[in-house]
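Mind having a look at this structure? Questions to follow.
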2 protein chains.
Amino acid sequence: MTTTMTTAKIRQILGKRGLKVTPQRAVIMEFMMGTKSHPTAEEIYEAVKDALPGLSKGTLYNVLNALVDANILSTVVLEPGAIRYDANVSNHHHFIDVDTGQIYDIPWDRVQNLFNAPGEGFCVADYQVTFYGVMAQNSPKRPKPEHP
Amino acid sequence: MTTTMTTAKIRQILGKRGLKVTPQRAVIMEFMMGTKSHPTAEEIYEAVKDALPGLSKGTLYNVLNALVDANILSTVVLEPGAIRYDANVSNHHHFIDVDTGQIYDIPWDRVQNLFNAPGEGFCVADYQVTFYGVMAQNSPKRPKPEHP
DNA sequence: TTGTATGCAAACGGTTTGCAATGCG
DNA sequence: CGCATTGCAAACCGTTTGCATACAA
């Protein structure tokens, strides 16, 4: 895990929401701000356990729920069985690569306005598109294999 | 639960897929074909337990998984914690009434073609839109209160 | 110092699995 | 008759909860 965000910045974000700064919160936030992979709680646990050897699952969920409540993280449910966490809290869509399992954020404005799509009687307040497909082999967005 | 489909029709659907006809499958199918409510396994269990007093949860999941595998039912995950089942197996979108919790199917062709929306490099094979909002009070689609 | 956050362990809810008994074709 | 399906109970997995201790403000 590489450090991508200063402790000061994290203190500021937490402080602004009236949340205390704990090592657990700082490390988990730093990891989440530095990834776009939409990890599950289990994956976050694996990622931070070197930096937080004593971390318990209970505390992990406690921290994640606090950050979600404070609107620092958002959640997505794309498959049954696990909640995924995302540091991108602005409105956006998702693309799931069915080959690699990678999940990509799709900017909100790439999809045309669909507020009226459902038709008469449906008062749409929000919507979200989930795309399924494969990322082009030559796309720079495609993750490189670990051992080429 | 009202009978909306003949036993013969159910036998035909199951037979075509090479599935044996059991009372459990017949009753569960009949209930699912007659509802648009996207019930969870628990809700299906409650709905059919009068007709199938001995039904076990294990068998319920066994039946539901068999019907999903045979493409007689489809699944949706709209919230964490529970899979919802739908007798509508054709491509469609969903509208969730955030007041009532009701889930409505939105026909596929009410949403314009979004295959190219994510942009360069994303080869979209499929997509699905989830709308959140409220159904107009005067809409005929809105469910009537149990005790007006 | 005070109240909130942590660690641990037990509980929880939805779903799956193993196995003997039943029943459909 | 033979194999698929059922019922039951235990196991599983992600998540929540309760409580005593530790710690940020």
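Lettering follows sequence order; numbering is per chain, from 1. Computed over heavy atoms, backbone and side chain alike; hydrogens, waters and symmetry mates excluded. Just so it is clear, the structure is predicted and the values come from calculations on it, not from any experiment.
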Counterpart residues, ring-ring contact (aromatic ring centres under 6.0 Å, His included), relative to A:H94 (two or more places apart):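 A:H38, A:H92.
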Side-chain polar contacts of residues 50-60 of chain B - donor-acceptor pairs under 3.5 angstrom, sequence neighbours left out - could you list them?
from	atom 1	to	atom 2	distance (Å)
B:S56	OG	B:T59	N	3.2
B:S56	OG	B:T59	OG1	3.1
B:K57	NZ	B:E42	OE1	3.0

Value in whole Å for how far the P atom of C:dA5 lies from CG of A:L67: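 My rounded result for the distance is 11 Å.
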B:L55 CG - D:dT5 C1' separation (whole Å):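 Checked: the CG to C1' distance equals 12 Å.
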Phosphate OP1/OP2 of C:dT6: any A:N62 side-chain N/O under 4.0 Å: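 Yes, within the criterion.
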Whole-Å gap separating P (C:dT4) and CG (A:L14):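 Result: 16 Å.
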Protein-nucleotide distance (A:E43, atom CD; D:dC13, atom P), rounded to Å: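 Atom CD in A:E43 sits about 15 Å away from atom P in D:dC13.
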Counterpart residues, ring-ring contact (aromatic ring centres under 6.0 Å, His included), relative to B:F131 (two or more places apart):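 Result, ring-ring contact (aromatic ring centres under 6.0 Å, His included) vs B:F131: A:Y127.
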Rounded distance in Å - CG (B:L52) to C1' (D:dG7):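 It is 13 Å, rounded to the nearest whole Å.
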Close side-chain approach of B:Q112 and A:Q112, heavy atoms under 4.5 Å: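 The answer is yes, as the side chains (C-beta and beyond) meet within the 4.5 Å cut-off.
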Bending between helix ends of the helix from C:dT1-D:dA25 to C:dG25-D:dC1 [5 pairs per end, 10° resolution]: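 Computed angle between terminal axes is 40°.
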Residues in ring-ring contact (aromatic ring centres under 6.0 Å, His included) contact with B:F122, at least two apart in sequence or another chain: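 Residues passing ring-ring contact (aromatic ring centres under 6.0 Å, His included) with B:F122: A:F95, A:Y104.
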By salt bridge (Lys or Arg N to Asp or Glu O under 4.0 Å) - contacts of A:K49 (at least two apart):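 Salt bridge (Lys or Arg N to Asp or Glu O under 4.0 Å) check on A:K49 returns A:E46.
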Annotated protein contacts, base or backbone, on nucleotides 14-25 of chain C with a non-hydrogen cut-off under 4.0 Å, one of B, S, - each: SBBB-----BBS
Between C:dG13 (P) and B:E79 (CD): distance, integer Å: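 These atoms are roughly 18 Å apart.
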Spacing of A:R25 atom CZ relative to C:dG7 atom P, expressed in whole Å: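 Computing the A:R25:CZ to C:dG7:P distance gives 12 Å.
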Side chains of B:V124 and B:N116 in contact at under 4.5 Å (non-hydrogen atoms):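 No, side chains not in contact.
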Determine all donor-acceptor pairs shorter than 3.5 Å in which one atom belongs to a side chain in residues 62-80 of chain B; sequence neighbours excluded.
from	atom 1	to	atom 2	distance (Å)
B:N65	ND2	B:Y61	O	3.2
B:S74	OG	B:D86	O	3.4
B:S74	OG	B:N88	O	3.0

Below 4.0 Å: OP1/OP2 of D:dC23 and any side-chain N or O of A:Q24: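 For D:dC23, neither OP1 nor OP2 has a side-chain N or O of A:Q24 closer than 4.0 Å.
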Interatomic distance, A:I44 CD1 vs D:dG14 P [rounded to whole Å]: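 Those two atoms, CD1 and P, are 13 Å apart.
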Under the salt bridge (Lys or Arg N to Asp or Glu O under 4.0 Å) test, residues paired with A:K20 that sit two or more places apart: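 Listed in chain order: nothing, the list is empty.
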